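Working notes, structure below.
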Amino acid sequence: QVQLVESGGGLVQAGDSLRLSCAASGRTFSDYAMGWFRQAPGKEREFVAVISRSGGRTNYGDSVKGRFTISRGNARNTVYLQMNNLKPEDTAVYYCGARNTNYEGALYYDMAYWGKGTLVTVSS
């Protein structure tokens with residue numbers, strides 16, 4: 001089982017940038033496809049960005065395309081989410097997810113493991 005710990009959330013103004021990090025431990029990080037999801041108050045959890053085991057493939061939710069970038073450092077067992085031009089509607093708890101896979105290029109939207117989340121608040 002992999003353990004995930006998110007960090008980097010905070011209170012920012014519209015137009016600012018933040019970088020979230022998710023540190024993984026307990027298993028071989030490069031065996032896992034990873035993703036970022038978010039849940040705003042009163043809403044269901046939604047997909048933000050996913051990345052394959054190798055980092056060679058990514059996909060983004062429509063609301064963040066062109067503003068957010070997911071990346072991973074397998075040597076550091078960490079996945080990142082660079083968020084630029086933040087908007088008040090990006091306010092949410094951001095969760096890191098992981099799914100073990102044998103396929104280096106596969107992307108997943110249903111994760112097996114989750115972190116506890118980090119809160120991002122964007123003021124207007």
Side-chain angles (χ1 to χ4, degrees):
Q1 182 171 339
V2 65
Q3 290 80 44
L4 304 171
V5 179
E6 302 94 337
S7 62
L11 172 63
V12 297
Q13 293 186 333
D16 285 351
S17 298
L18 272 179
R19 188 174 82 155
L20 304 184
S21 298
C22 172
S25 62
R27 286 291 185 267
T28 303
F29 181 65
S30 58
D31 287 345
Y32 290 82
M34 304 294 295
W36 287 97
F37 297 74
R38 68 187 182 186
Q39 187 166 18
K43 296 186 177 181
E44 295 186 353
R45 188 176 296 186
E46 67 170 344
F47 148 67
V48 175
V50 291
I51 189 167
S52 61
R53 272 181 51 181
S54 65
R57 291 188 67 209
T58 58
N59 195 26
Y60 297 89
D62 288 342
S63 62
V64 306
K65 281 181 181 177
R67 300 188 298 122
F68 291 12
T69 302
I70 188 172
S71 61
R72 64 188 297 160
N74 284 351
R76 294 189 175 187
N77 293 349
T78 304
V79 63
Y80 306 97
L81 185 68
Q82 178 67 42
M83 306 185 294
N84 297 330
N85 190 23
L86 282 160
K87 303 176 180 181
E89 51 263 43
D90 294 319
T91 294
V93 177
Y94 283 71
Y95 296 91
C96 173
R99 185 180 183 96
N100 184 277
T101 178
N102 292 325
Y103 303 101
E104 286 195 1
L107 297 174
Y108 295 90
Y109 303 88
D110 53 336
M111 298 301 177
Y113 304 101
W114 295 95
K116 293 184 177 180
T118 185
L119 176 63
V120 173
T121 304
V122 185
S123 64
S124 57

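Just so it is clear, the values below take in all heavy atoms, side chains as well, and ignore hydrogens, waters and symmetry mates. What you see is a predicted model; the values in this text were computed from it and never measured.
Side-chain atoms of Glu6 come within 3.5 Å of backbone N or O of Lys116 as a donor-acceptor pair. Arg19 places no side-chain N or O within 3.5 Å of a backbone atom of Gly8 that could act as its donor or acceptor partner. Not one N or O on the side chain of Arg45 forms a donor-acceptor pair closer than 3.5 Å with the backbone of Gln39.
Residue-environment remark: OH (Tyr109) exceeds the threshold of 12 foreign heavy atoms within 6.0 Å.
The salt bridge (charged side-chain N to carboxylate O under 4.0 Å, His left out) search around Glu46 returns Arg38, not counting sequence neighbours. Shown here are the side-chain contact (heavy atoms from CB on, under 4.5 Å) partners of Thr121, two or more places apart in sequence or in another chain: Leu11, Thr91, Leu119. Taking the side chain to side chain donor-acceptor pair (under 3.5 Å) definition, one finds that Thr101 meets it with Tyr108, sequence neighbours left out.
Rounding to the nearest 0.5 Å gives a distance of 15.0 Å between OH of Tyr95 and CE of Met111. Distance check: Ser52 OG to Arg72 CZ gives 7.0 Å after rounding to the nearest 0.5 Å. With rounding to the nearest 0.5 angstrom, the CZ atom of Arg53 is 7.0 Å from the CG atom of Asn102. In this structure, CZ on Arg27 lies 13.0 Å from CG on Asn77, to the nearest 0.5 angstrom.
Other members of the hydrophobic cluster containing Met34, listed by chain and number, are Val2, Leu4, Val12, Leu18, Leu20, Phe29, Tyr32, Trp36, Val48, Ile51, Tyr60, Val64, Phe68, Ile70, Val79, Leu81, Met83, Leu86, Tyr94, Tyr113, Val120, Val122; membership follows side-chain contacts under 4.5 Å among ILVMFWY residues, whether direct or relayed.
Side chain to side chain, Arg57 and Asn59 fail the donor-acceptor criterion of an N or O pair below 3.5 Å.
Smallest separation of non-hydrogen atoms from Ser21 and Tyr80: OG-CD2, 3.4 Å. Of all heavy-atom pairs between Ala14 and Ser124, the closest is CB-CA, 4.4 Å. Nearest heavy atoms, Ala106 versus Ala33: O-CB, 4.0 Å. Nearest heavy atoms, Gln82 versus Ser17: NE2-CB, 3.9 Å.
With respect to the salt-bridge test (charged N to carboxylate O, under 4.0 angstrom), the residues Lys87 and Asp90 do not qualify.
For residues 25-104, the pairs satisfying disulfide bond (SG atoms under 2.5 Å apart) are Cys22-Cys96, with sequence neighbours left out. Residue pairs meeting the disulfide bond (SG atoms under 2.5 Å apart) criterion with at least one member in residues 36-74, sequence neighbours excluded, do not occur.
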